Every structure is written in structure tokens, then in C-alpha cells.
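Some notes on the structure that comes next.
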Amino acid sequence: MLEHLIVCRHGETQWNIERRAQGRADSPLTAAGIEQAQALGRALSARGIEHVVSSTLGRALHTAEIVASIAGCAVSVDERLVERSFGQLEGQNFDAMALDPQWTAVVRCTDPDATAPGSESLREVAARVIAALEDVLMLPYRSVAVITHGQSISALLGTLHGSSDFSTFRHGNCGYTPLHVREGSFQVDAWNLDPLAVAAAETPA
């Protein structure tokens with residue numbers, strides 16, 4: 001029976017550096033992103049993960065494969081874990097869009113119902129991500145890691161906390177959040193843990 005579900009963001013990509021909205025588009029992991037994924041793999045291995053479930057997008061799947069190779073487990077994929085669709089905003093610069101009043105709430109995650117033409121709202125994203133996690137509960141493992149995306153995680157955690165402003169729940173690249181499974185529901189104690197910072201804190205001086 002599943003006891004621990006660890007939700008993680010993928011490693012840094014080129015578009016992350018350029019501050020571009022990736023959405024359903026993709027961009028490869030950078031050298032730093034690969035190092036982040038390796039650190040995440042060590043952190044999750046120490047937590048005893050037995051399986052990895054990944055978004056089908058390349059940046060998440062590459063991260064998942066690195067994590068799984070370190071943890072010594074297999075990877076499966078679920079398309080419901082893909083990043084939020086940004087519609088016509090995909091590929092544009094986040095910082096520039098945040099200054100435009102019509103897109104501010106979309107890109108800053110301050111309104112879970114806000115959309116752009118062709119995009120998803122955060123509530124729509126949360127619905128499919130939660131459905132995917134409910135299926136993960138049925139897997140024959142005690143501890144599973146899920147590799148997904150920044151706004152997908154914000155949508156998930158904002159919904160679990162019953163928040164009206166999801167911006168609090170942003171995750172850095174390879175930031176992770178342990179979800180405790182209690183009677184079929186998810187409980188969150190802390191979020192956006194940094195695997196590099198955790199490793200540094202645990203290293204003897």
C-alpha cells in the first residue's frame with residue numbers, strides 16, 4: 001500500500017534560463033538541470049522510492065530516467081502529468097507577460113480560474129493531476145516519486161490547501177514535495193524542498 005508520494009519538478013531547461021513559458025512545448029535539460037536531477041535522484045533514493053511516474057514531456061522524462069537510474073527502479077509515464085497548456089502564450093517571456101495586465105494572473109498563478117486563449121486554468125490542471133495521483137495510489141509500491149512541472153505542482157498544492165492564490169506553491173527546478181497518504185487523501189507538511197540544499201545540510205562539517 002502506498003504510504004509516501006513525492007511530487008517533483010523537472011530539472012532546469014534552456015527555456016527556464018530564458019524565462020519562456022514552455023507549456024506543452026519542450027526544451028532540453030541544461031548541464032545544471034542534469035546535475036539537479038542527479039541530486040534529486042540521490043535524495044529520493046535515500047527516501048527509499050521504489051518507482052517513478054513521469055509526465056510524457058521530454059524534460060520531465062529525462063529527469064525521471066536520471067532519478068530512476070540512481071534509485072535503481074523503473075519509470076512509467078502518465079500524460080495527465082504534463083505541464084499546463086499556455087495556449088497562445090507558449091514560448092513568450094514570463095517577465096514580459098507578468099507586466100501585461102491581461103496575463104498577469106495567468107502567469108503568476110494568482111487566480112486559479114484565469115486563462116489565456118487556448119490555455120488551461122489551474123483548476124483544470126489540478127483536476128487531471130489529482131486523477132493521475134489517485135491512480136498512483138493503486139500501484140504496488142510503498143513509496144513513489146512523480147516527476148511533473150512547475151505550474152502543475154502549483155495547481156495541485158493550491159487545490160489541496162484550498163487556496164485562492166496558487167503562487168505560494170511555486171517550485172524551483174527539481175524542488176520536491178513529500179505527500180503523506182492518509183486514508184486515501186494527501187497531506188502536505190512542507191513543499192519545494194531543494195535536493196542540493198538538503199544534501200548540503202546532511203553532509204558532516
Side-chain angles (χ1 to χ4, degrees), residues 1-12 33 36-55 60 63-64 66-68 70-73 75-76 78 80-84 108-112 122-205:
M1 180 180 293
L2 189 69
E3 297 176 1
H4 302 287
L5 180 59
I6 305 172
V7 179
C8 320
R9 187 184 176 200
H10 61 80
E12 180 191 78
Q36 291 164 347
Q38 292 167 340
L40 179 62
R42 292 189 291 270
L44 298 183
S45 180
R47 286 177 169 265
I49 63 158
E50 301 169 333
H51 189 72
V52 180
V53 182
S54 175
S55 155
T63 301
I66 292 170
V67 167
I70 292 171
C73 62
V75 178
S76 60
D78 191 322
R80 292 172 295 181
L81 297 171
V82 297
E83 179 60 303
R84 176 188 194 179
R108 289 186 173 170
C109 301
T110 53
D111 179 353
L122 289 171
R123 291 198 197 279
E124 291 171 324
V125 175
R128 61 173 169 78
V129 171
I130 289 172
L133 297 188
E134 287 173 345
D135 283 352
V136 171
L137 292 177
M138 301 297 105
L139 295 176
Y141 305 104
R142 291 181 60 193
S143 184
V144 173
V146 168
I147 312 296
T148 182
H149 304 268
Q151 295 218 0
S152 294
I153 296 175
S154 294
L156 168 67
L157 297 184
T159 299
L160 293 180
H161 280 263
S163 175
S164 60
D165 180 352
F166 290 11
S167 63
T168 303
F169 305 103
R170 291 177 179 168
H171 277 52
N173 290 114
C174 283
Y176 65 95
T177 291
L179 300 180
H180 303 288
V181 182
R182 298 288 185 270
E183 298 180 353
S185 63
F186 304 113
Q187 298 177 359
V188 184
D189 295 328
W191 59 87
N192 192 26
L193 302 179
D194 181 345
L196 292 170
V198 170
E202 293 176 348
T203 301

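Just so it is clear, the model here is predicted, and its values are computed rather than measured.
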Report task. Check step by step if side chain to side chain contact (heavy atoms under 4.5 Å, CB included) holds for Trp191 and His161. Result -> CA-CA 12 Å; Trp191 59 87; His161 280 263; 3.8 Å; yes
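Nearest approach of Leu40 to Tyr176, heavy atoms of both residues: CD1-CD2, 3.7 Å. Nearest approach of Asp135 to Arg80, heavy atoms of both residues: OD2-NH2, 2.7 Å. Pro195 and Cys174 get closest at one heavy-atom pair: CD-O, 3.1 Å. The minimum heavy-atom distance between Ala60 and His10, with the atom names listed, is CA-CB, 3.9 Å. Between Leu2 and Arg142 the shortest heavy-atom distance is CD1-O, 3.5 Å. Shortest non-hydrogen contact noted between Ile70 and Ser45 is O-OG, 4.1 Å.
A donor-acceptor pair is defined here as one N or O able to donate and one able to accept, closer than 3.5 Å; such a pair exists between the side chain of Arg128 and the backbone of Val82. Side chain of Gln187 to main chain of Leu179: no donor-acceptor pair is present (N/O by atom type, distance under 3.5 Å, no hydrogens or angles). Under a 3.5 Å cut-off, the side chain of Thr177 and the backbone N or O of Asn192 do form a donor-acceptor pair. Looking at Ser185, its side chain never comes within 3.5 Å of a backbone N or O of Val181 through a donor-acceptor pair. With Thr148 contributing its side chain and Ser55 its backbone, the two residues share no donor-acceptor pair below 3.5 Å. A donor-acceptor pair under 3.5 Å is absent between the side-chain atoms of Arg9 and the main chain of His149, judged by distance alone. Between the side chain of Glu12 and the backbone N or O of Gln36, no donor-acceptor pair lies under 3.5 Å.
No side-chain N or O of Ser163 forms a donor-acceptor pair with one of Asp165 less than 3.5 Å apart. Between the side chains of Ser152 and Glu83, at least one donor N or O sits under 3.5 Å from an acceptor N or O.
A heavy-atom distance below 4.5 Å is not found between the side chains of Arg42 and Arg47. Put simply, the side chain of Tyr141 does not reach to within 4.5 Å of the side chain of Met1, judged on heavy atoms. Using a 4.5 Å heavy-atom threshold, the side chains of His4 and Val144 count as separate.
Aromatic rings from Phe186 and His180 are positioned such that their centres are separated by 6.0 Å or more.
Here Leu156 contributes atom CG and Leu133 contributes atom CG; the two are 5.5 Å apart, rounded to the nearest 0.5 Å.
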